[in-house]
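Predicted, not measured: the structure shown is a model, and the values here were computed from it.
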Amino acid sequence: MRKKICFVIGTRPEIIKLGPVYNYFRKKRKFHVSSYFTYQHTEIGQDVIEHFNFKIQKKKARIIKKTDLNQKMSSIIIDLKNYLIKNNISGIFVLGDTLTAMIASIVAFNLKVKIFYVESGLRTYDHLEPWPEEGYRRLISSVADYHFCPTVANKKNLLNENINNKKICVSGNPAIDAIHNEIKKYNKKYELKLINKIRKKGYQVSNKKLILVTIHRRENFGKRFENICNTIKYLSKVYKNYDFVITIHPNPYVKKTLMKYLANKKNIFLIKPLFYPEFIFALKKSTFVLSDSGGIQEELPTLKKYLILLREKTEREETIKLGYSFICGSSKKKIINVFRKLIIKSDYDNKFKYNPFGDGKSSARIYNFVKRNF
């Protein structure tokens, strides 16, 4: 009898990154594969679920409208526990640093269900940067049975935490599998289709230079977020020949603050969240990017784009060391200084040699490791 493995997903990044792994496992047919959606991201999750062909549970879990983390936790636990028991699941896949991944790991641990942890070993060793994700990563690692690390540095972190070397696989990040699969589709017809879809979200892609911006980190909420908004407003006035395109995360605080500080500005475009193919295309068309995202740090080296990182610390130091990303946090001075340099650098200096987070073959490595060890 085939062992039953469930991919537990709840947020857009989990769906995108686990999508290639999920489909690789389904194609191989060695395991009985299912997926469970926690509805942590209700507004921006459904499109990527369909894009990556996830077949989620027929009976919907409770849709979570509250933003309080503890309320979300209680909503997820009961439904997921019942699903794992009813379907006799032997192992679950979780990814990254989300509430869904942490809760699923604890539920599985309590049921003695094996935990396969993808994107393991990333660390800042500061529980508040990023918050609450750094804490979630440490909790998941402490109970996970198998660890799939994007880089050798991630593996070293786990070894320093006394995690068994035999339980660790340096696989790369399957986010890079996803982006490789997407780029293969590019031709004039497909790109025109994406341009039309982005236009409907609020921005007309043209030959004008584009700066793409995403901001949503909880640790940036408050004064930091306001500083970043004011800095973008300043840059838009100085660099009038650039379009500043900001995708609006559905978090109520993010939407309210962006509208307060950046709405109705001539070359600032506040647009609806982009579908995964649209977003990758927008990244590709950008001159460079300003973001506090984790996933963007992984994706941009493949697209050969620089990043102004709107974080105080990062658990992905690899691109900082390679000179692909620049930590600026919410400092207006730092952001402006790096922005000025990148305006010039992006025109003539292409130093991207490789992506330290993967080569597009992570799903195969993860599958082969599980096949040998489970």
Side-chain angles (χ1 to χ4, degrees), residues 5-28 31 33-38 40 45 48-49 52 54 89-109 113-123 133-134 136-155 157-158 161 163-164 166-181 294-295 297-299 315-316 318 355-374:
I5 293 177
C6 179
F7 286 73
V8 183
I9 51 176
T11 67
R12 190 180 182 87
E14 289 168 304
I15 299 163
I16 292 168
K17 294 178 181 183
L18 281 179
V21 186
Y22 168 76
N23 285 297
Y24 196 94
F25 270 69
R26 287 182 63 204
K27 181 178 69 176
K28 291 296 183 178
F31 302 99
V33 178
S34 64
S35 59
Y36 182 93
F37 184 42
T38 68
Q40 184 180 337
V48 277
I49 282 175
F52 288 99
F54 275 99
I89 301 297
S90 302
I92 67 165
F93 267 91
V94 296
L95 180 139
D97 55 13
T98 70
L99 183 74
T100 286
M102 188 270 286
I103 292 300
S105 298
I106 299 300
V107 171
F109 177 74
V113 170
K114 297 294 184 184
I115 302 162
F116 302 96
Y117 183 22
V118 181
E119 201 179 85
S120 183
L122 282 70
R123 297 288 186 270
E133 288 79 8
E134 174 71 12
Y136 290 171
R137 286 190 184 278
R138 299 288 296 277
L139 288 169
I140 299 168
S141 293
S142 69
V143 296
D145 295 281
Y146 302 99
H147 302 259
F148 301 95
C149 300
T151 71
V152 173
N154 303 149
K155 178 178 180 178
N157 289 337
L158 295 179
E161 295 167 18
I163 291 174
N164 189 335
K166 293 181 180 179
K167 303 293 185 181
I168 304 172
C169 169
V170 179
S171 60
N173 197 310
I176 312 308
D177 297 22
I179 199 169
H180 274 269
N181 292 337
Q297 295 176 66
E298 300 157 353
E299 293 162 339
E315 64 276 64
R316 297 170 175 87
E318 288 83 356
N355 190 330
F357 300 113
D359 57 4
K361 301 176 182 177
S362 299
S363 298
R365 294 189 187 98
I366 291 169
Y367 173 80
N368 290 329
F369 186 90
V370 174
K371 182 181 176 183
R372 290 195 304 268
N373 292 281
F374 182 54

Any side-chain heavy-atom pair from C169 and F148 closer than 4.5 angstrom?
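Counting from C-beta outward, C169 and F148 do come under 4.5 Å.
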Can a donor-acceptor pair be found, under 3.5 Å and without considering hydrogens, that links the side chain of [X] to the backbone of [Y]?
X: Y117; Y: G96; value: yes
X: N173; Y: S362; value: no
X: D97; Y: E134; value: no

Measure the acute angle between the ring planes of F116 and Y146, then classify it against the limits of 30° and 60° as parallel, tilted or perpendicular.
parallel
Taking the inter-plane angle between the rings of F7 and F93 on a 0 to 90° scale, is it parallel (under 30°), tilted (30 to 60°) or perpendicular (over 60°)?
parallel
Side chain to side chain contact (heavy atoms under 4.5 Å, CB included) between K28 and F25: does it pass, once the steps are laid out?
CA-CA 5 Å; K28 291 296 183 178; F25 270 69; 6.0 Å; no
Indicate the atoms forming the closest heavy-atom contact of Y136 with M102, along with that distance.
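What the structure gives for the nearest pair is CE2-CE, 3.5 Å.
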Test log, rule side chain to side chain contact (heavy atoms under 4.5 Å, CB included), inputs E318 and N154
CA-CA 10 Å; E318 288 83 356; N154 303 149; 4.0 Å; yes
Checking S141 against R123 for the side chain to side chain contact (heavy atoms under 4.5 Å, CB included) test, could you report, in this order, the C-alpha distance in whole Å, the side-chain angles of both residues, the deciding distance, and whether it holds?
CA-CA 11 Å; S141 293; R123 297 288 186 270; 2.9 Å; yes
By the salt bridge (Lys or Arg N to Asp or Glu O under 4.0 Å) test, which pairs, at least two apart or in different chains, include something from residues 168-181?
none
With sequence neighbours excluded, what pairs up with R26 under the salt bridge (charged side-chain N to carboxylate O under 4.0 Å, His left out) test?
none
Determine the sole option in V94, I9, T38 for which the side chain to side chain contact (heavy atoms under 4.5 Å, CB included) test with E14 is passed.
I9
Do you see a donor-acceptor pair shorter than 3.5 Å between the side chains of T11 and T98?
no
